[in-house]
2 protein chains.
Amino acid sequence: MTTTEIAAARRREVIPEATVARLPLYLRALHTLADEGTSTISSEALAEAAGVNSAKLRKDLSHLGSYGTRGVGYDVAHLITSISHELGLSRRCSVVLVGVGNLGRALAGYGGFASRGLAIDALLDADPALTGEQIAGLTVRHIDDLPEVVVPGSIGVIATPASAAQLVCDLLVGAGVTSILNFAPTVLSVPADVDLRKVDLSIELQILSFHEHRKSLVTPA
Amino acid sequence: MTTTEIAAARRREVIPEATVARLPLYLRALHTLADEGTSTISSEALAEAAGVNSAKLRKDLSHLGSYGTRGVGYDVAHLITSISHELGLSRRCSVVLVGVGNLGRALAGYGGFASRGLAIDALLDADPALTGEQIAGLTVRHIDDLPEVVVPGSIGVIATPASAAQLVCDLLVGAGVTSILNFAPTVLSVPADVDLRKVDLSIELQILSFHEHRKSLVTPA
DNA sequence: ACGCGCTTGTGAACGCGCGCACAAAGTCAG
DNA sequence: CTGACTTTGTGCGCGCGTTCACAAGCGCGT
Ligand SMILES: NC(=O)c1ccc[n+]([C@@H]2O[C@H](COP(=O)([O-])OP(=O)(O)OC[C@H]3O[C@@H](n4cnc5c(N)ncnc54)[C@H](O)[C@@H]3O)[C@@H](O)[C@H]2O)c1
Ligand SMILES: NC(=O)c1ccc[n+]([C@@H]2O[C@H](COP(=O)([O-])OP(=O)(O)OC[C@H]3O[C@@H](n4cnc5c(N)ncnc54)[C@H](O)[C@@H]3O)[C@@H](O)[C@H]2O)c1
């Protein structure tokens, strides 16, 4: 890290969580725009492409300290660099996936991560029958090898059954992982310094089910 | 729907979106408790199991109009019935999945939905080579058959490449679907009366990447 | 050089959700 | 029956996030 970057990090205020969650959205829209040859874009147009309010977009970008030009808009290439750097995607980010079942295989074979600086670097499973198998160019290793594949900054992904999730989570934390994405439908407990996010498909469907149910109540068949 | 239910729906206030998102969490914890033979539980204990604040839990449940007993707690079985009904899970909810690729297959083979009143009823794909194939007890049908498999109240799931997502989305809306879950990394536009939720794994990883990057800044190696 | 029109950046108001803390309400023992 | 204990239901204040609306800033045409 250069001294310039350190200074920039100090100067920069803390970025609101809600903003962080939208930066990847902007980044995707910007990549699309760049591919189309667009070099400059207004907050209005970019907000439209990202599906958000333009004032919100401007406020979000202002947190980055990346300045647009009044009367013109934002420089697409500069914004991509700026957001990528802020998200830590400039230097490739290592991802360790635990649980190579139905979901794990789909994730391992997915190309959408690598294209944005994220790459799955290791596949782990407790099933001896799976270790050694080649999936998407990676060799499945035994869960006991976890400490060997974790490097500082690694992100852990849990795709095991719910019953094994807390155990695997503890192993990850023990190996030094401080950022975990959990697909198992369980509440996991982690130390305060570990970031834990979850993706729960059942919950998403149940939320939709709720609204569908509500619609059927106000509009009785 | 009985007149009692209509009356209940009228009496019940509108439930905050944040509460709706937590009901499935409570429901899961309650099912676990019921399986263990617990018949009564305090808000404190249930909140612990669901990983939320107990005051928040009580406020959430108060929206349901389901009353606990002071000094005792909540009746587990009654709460399960009450939440399930509120989420519209009492009568089975039909799910139509479009796009039987890596992710679509994983979803189709997943048993976690059916166990909670949600069941995938139809698999659709545009690839003629896939139509007729049996997956998880269902026959893959051609996307052109969409109108035939959609019933009132169906939930649509999009697991196609991003390039086809808006097209598929329009087809779903055209067929009468008003609740859609999208896995493709694109912004979709839908009429105002359609509920659209998205699950974006890349975004989750990028958010974790951001925090990991931040940690490395304040603790320079 | 200068003003016109466009776009950014942000001040301020609003609404929502969270969590503390407590009164009301019910249980249970004696 | 009474009193002590337990747990619910909620009033209230706080902080975050969203949005409107506008002043400040910049480029461009003339
Ligand atoms: N498949 C889906 O579409 C889907 C959808 C929603 C949620 N999920 C959740 O994602 C998780 C994985 O789902 P799946 O369908 O891939 O399950 P799966 O049973 O197909 O795969 C689980 C894998 O985890 C491995 N495993 C078990 N214990 C382990 C341990 N202690 N350490 C390492 N690996 C271990 C198993 O060997 C297996 O390969 C589950 O928690 C499931 O509830 C899956
Ligand atoms: N695989 C993953 O782990 C993963 C992770 C994150 C996001 N996603 C997203 O989920 C989506 C699906 O991913 P995937 O890996 O399963 O892709 P995939 O290419 O394996 O499967 C896509 C399927 O959609 C079908 N399809 C294409 N156009 C269609 C149309 N117009 N109508 C109906 N079906 C059509 C294809 O025939 C194919 O079977 C993609 O948008 C991807 O970005 C996938």
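Only heavy atoms go into these numbers, but all of them, side chains included; no hydrogens, no water, no symmetry mates.
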Got a sec: does the CD of Gln166(B) have more than 12 other heavy atoms crowding it under 6.0 Å?
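Buried by this count: over 12 neighbours within 6.0 Å.
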
More than 12 heavy atoms of other residues, nucleotides or ligands under 6.0 Å from NE2 of His31(B): is that the case?
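Yes - once you tally the heavy atoms of other residues, nucleotides and ligands closer than 6.0 Å, there are more than 12.
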
When you compare the side chains of Ser54(A) and Ser43(A), does any donor N or O come within less than 3.5 Å of an acceptor on the partner?
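No pair is found: no donor N or O on one side chain lies under 3.5 Å from an acceptor on the other.
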
Tell me what Ala55(B) touches on the nucleic acid: a base, only sugar-phosphate, or nothing, going by heavy atoms under 4.0 Å.
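Contact class for Ala55(B): base.
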
Specify the separation, in whole Å, of atom [atom1] of [X] and atom [atom2] of [N].
X        : N       : atom1 : atom2 : result
Lys56(A) : dT10(C) : NZ    : P     : 18 Å
Ile41(B) : dT6(D)  : CD1   : P     : 18 Å
Leu23(A) : dG17(D) : CG    : P     : 13 Å
Leu57(B) : dT8(D)  : CG    : P     : 8 Å
Glu17(A) : dG17(D) : CD    : P     : 8 Å
Ile15(B) : dG17(C) : CD1   : P     : 12 Å
Lys59(B) : dG17(C) : NZ    : C1'   : 9 Å
Leu61(B) : dT7(D)  : CG    : C1'   : 13 Å

Given [N], is OP1 or OP2 found less than 4.0 Å from the side-chain N or O atoms of [X]?
X        : N       : value
Ser42(A) : dT7(C)  : no
Tyr67(A) : dA24(D) : no
Arg70(A) : dC4(C)  : no
Arg58(A) : dG11(C) : no
Asn53(A) : dG17(D) : no

Taking the nucleotide of DNA chain D with the closest heavy atom to each, which residue, Thr69(A) or Arg22(A), is nearer the 5' end?
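That would be Arg22(A).
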
Mapping Val72(A) and Val72(B) onto DNA chain D by nearest heavy atom, which one lands closer to the 5' end?
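Nearest nucleotide further toward 5': that of Val72(B).
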
What do the steps show when you test Glu212(B) against Thr178(A) for side chain to side chain contact (heavy atoms under 4.5 Å, CB included), and what is the final call?
CA-CA 7 Å; Glu212(B) 203 60 46; Thr178(A) 56; 3.0 Å; yes

Does Arg214(A) pair with Asp195(B) as a salt bridge, N-O distance under 4.0 Å?
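Salt bridge flag = no for Asp195(B) with Arg214(A).
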
Which listed nucleotide (dG9(D), dG17(C), dG17(D)) is nearest to the side chain of Ala18(A)?
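The closest nucleotide is dG17(D).
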
